[in-house]
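First up is the structure itself, then whatever we jot down about it.
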Amino acid sequence: MKVSVIVPTLHSPLLGEVLQSLSRQRAAEAITEIIVVGQTHPALVPPPAQLIVTERPVAAAVARNIGARHASGDILLFIDSDCIAHPQLVERHLRQQQAGYTVVGGSVAIEEPDAYWRLCDNVLTFTPFLSTMPPGQRDYLPSLNLSIRRAIFAEVGGFDERYAGAAGEDVDLSFRLRKRGYPLIFAPDAQVSHRPMRSNPATVAQHLRAFGRIHAIMHRTYNAKSRVVNAIDLHSWAALLIAAAPFLATLDVFKMYRHYPQIRQYWQCLPGMVWGKSAWYWGYAEALFAQRRP
């Protein structure tokens, strides 16, 4: 089995480190090609990596689809341009694929020490996908560290390019894969270090608000309604949701700490996670307001 690695980028300052981490893979011989798609300085993409430059900035979903169309490997491995691959990443994805699992999500490894707001963002956003979590099936898999058979990716039509923001295309792809009967397997030993440029409350809030907006669309599209959606009619109570966001966020974060003992060591992240989850609810309410407009 051969692997095509696809890296979407938009002037990522970490792209050089990402490509270096891919060159140090234990299973480097299995990598057929590394395809970087988007906008960056060509000097940051030395051969044998390939650079496909887009005429304008494009969303990650679009960049990944472009890369997939140019790929020739049996397996597509998507890794983001702010993710440093651990040396065993390709090897561990291949192990799962060779065992018959055709859609595999790797994990996010928490770096110690790490910048506070980036740590809060990673722990909150990727709790079920941290490297300390047990392996097994998941309801969805994030696209920052994801392998899938190229034929299956083409079968489901790739990522939905209507998700032009910072989130959502991976959840949508996961739903469509599950609908066709493909199990989504989480492999915690296939690790990346995720180093996004989110270093303050404003950037974390911006990121989580985008997640909230997307999830409102997902709940409407797939009827995947959350506990809060089942409790009240949010189309009528969106303003109340904004006011109640800190309270709901606090409940959610404490529930996470109770349900996932693996994250209790990050107790210092409680305030930052409540802030980020509050922003998630604000984004959700914004999307509901937008849906009400004529």
Side-chain angles (χ1 to χ4, degrees), residues 1-97 104-111 114-115 118 121-122 126 129 131 141-148 150 153 158-159 166 169-170 187 189-199:
M1 293 178 122
K2 292 298 183 180
V3 180
S4 295
V5 183
I6 298 171
V7 186
T9 190
L10 188 58
H11 301 294
S12 170
L14 294 177
L15 180 59
E17 292 184 56
V18 174
L19 295 179
Q20 287 179 12
S21 71
L22 292 171
S23 70
R24 295 192 293 264
Q25 291 296 300
R26 294 175 187 170
E29 71 283 352
I31 300 176
T32 298
E33 58 206 350
I34 299 173
I35 305 174
V36 179
V37 184
Q39 295 189 339
T40 187
H41 196 288
L44 293 177
V45 188
Q50 310 169 38
L51 173 61
I52 300 176
V53 179
T54 58
E55 294 183 0
R56 56 180 178 81
V58 297
V62 177
R64 295 189 191 104
N65 285 345
I66 293 172
R69 288 195 292 270
H70 285 79
S72 60
D74 308 294
I75 298 166
L76 306 177
L77 174 57
F78 297 103
I79 179 173
D80 281 1
S81 58
D82 56 4
C83 291
I84 309 301
H86 289 209
Q88 78 286 358
L89 177 75
V90 172
E91 177 185 66
R92 300 297 164 79
H93 271 284
L94 267 175
R95 180 182 300 175
Q96 296 292 329
Q97 293 281 344
V104 180
S107 69
V108 172
I110 297 298
E111 297 180 297
D114 200 357
R118 184 168 66 193
D121 187 81
N122 274 330
F126 299 107
F129 310 104
S131 59
L141 296 172
S143 53
L144 82 172
N145 179 5
L146 175 71
S147 68
I148 181 173
R150 182 162 58 95
F153 188 77
F159 289 103
E169 72 277 0
D170 44 11
D189 56 356
Q191 301 176 22
V192 299
S193 294
H194 185 219
R195 302 175 185 173
M197 299 292 110
R198 291 188 275 275
S199 58

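Numbering starts at 1 and runs along the sequence shown.
Atoms OG and CD, from S147 and Q96 in turn, are 8.5 Å apart once rounded to the nearest 0.5 Å. To the nearest 0.5 Å, atom OG of residue S12 and atom CG of residue D80 are 9.0 Å apart. Here the straight-line distance linking atom CG of D121 with atom OG of S199 works out to 11.0 Å at 0.5 Å rounding. Atom CG of L10 is separated from atom CG of D82 by 11.5 Å, given to the nearest 0.5 angstrom.
Side-chain contact check for P48 versus E33: every heavy-atom pair is 4.5 Å or farther apart. R198 places none of its side-chain heavy atoms less than 4.5 Å from the side chain of R118. At a threshold of 4.5 Å between non-hydrogen side-chain atoms, the residues Q25 and E91 do not count as touching. Side-chain contact between L89 and L77 is present, with at least one heavy-atom pair separated by less than 4.5 Å. Looking at D189 and S107, their side chains never come closer than 4.5 Å, going by heavy atoms from C-beta outward. Counting heavy atoms from C-beta on, the side chains of Q39 and T54 come closer than 4.5 Å. Put simply, the side chain of R24 does not reach to within 4.5 Å of the side chain of P87, judged on heavy atoms.
Taking each heavy atom of L14 and M197 in turn, the nearest pair found is CD1-CE, 4.0 Å. Residues R26 and Q88 share a closest heavy-atom pair of NH1-CB, 3.8 Å. Shown here for P196 and N122, the closest heavy-atom pair between the two residues is CD-ND2, 4.3 Å. Of all heavy-atom pairs between C83 and V18, the closest is O-CG2, 3.3 Å. Between L44 and L19 the shortest heavy-atom distance is O-CD1, 3.2 Å. When all heavy atoms of G105 and L141 are compared, the closest pair comes out as N-CD1, 3.4 Å.
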I would like to know whether R150 and S4 meet side chain to side chain donor-acceptor pair (under 3.5 Å); could you show each step before the answer? CA-CA 9 Å; R150 182 162 58 95; S4 295; 5.9 Å; no
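Among residues two or more places apart in sequence or in another chain, the side chain to side chain donor-acceptor pair (under 3.5 Å) test is passed with S81 by T9. In this structure R92 satisfies the side chain to side chain donor-acceptor pair (under 3.5 Å) test with no other residue, sequence neighbours excluded.
Counted within 6.0 Å of NE2 on H70, heavy atoms from surrounding residues, nucleotides or ligands total 12 or fewer; the atom is thus considered open.
Of the listed residues (L76, I66, N65), just one forms a side-chain contact (heavy atoms from CB on, under 4.5 Å) with I6, and that residue is L76. Applying side-chain contact (heavy atoms from CB on, under 4.5 Å) to F78 and the options I148, V7, D170, L144 leaves one that passes, I148.
Using bins of under 30°, 30° to 60° and over 60° for the plane-to-plane angle, the ring pair F126/H194 lands in the perpendicular bin.
No hydrogens or angles considered: a donor-acceptor pair under 3.5 Å links the side chains of N145 and H93.
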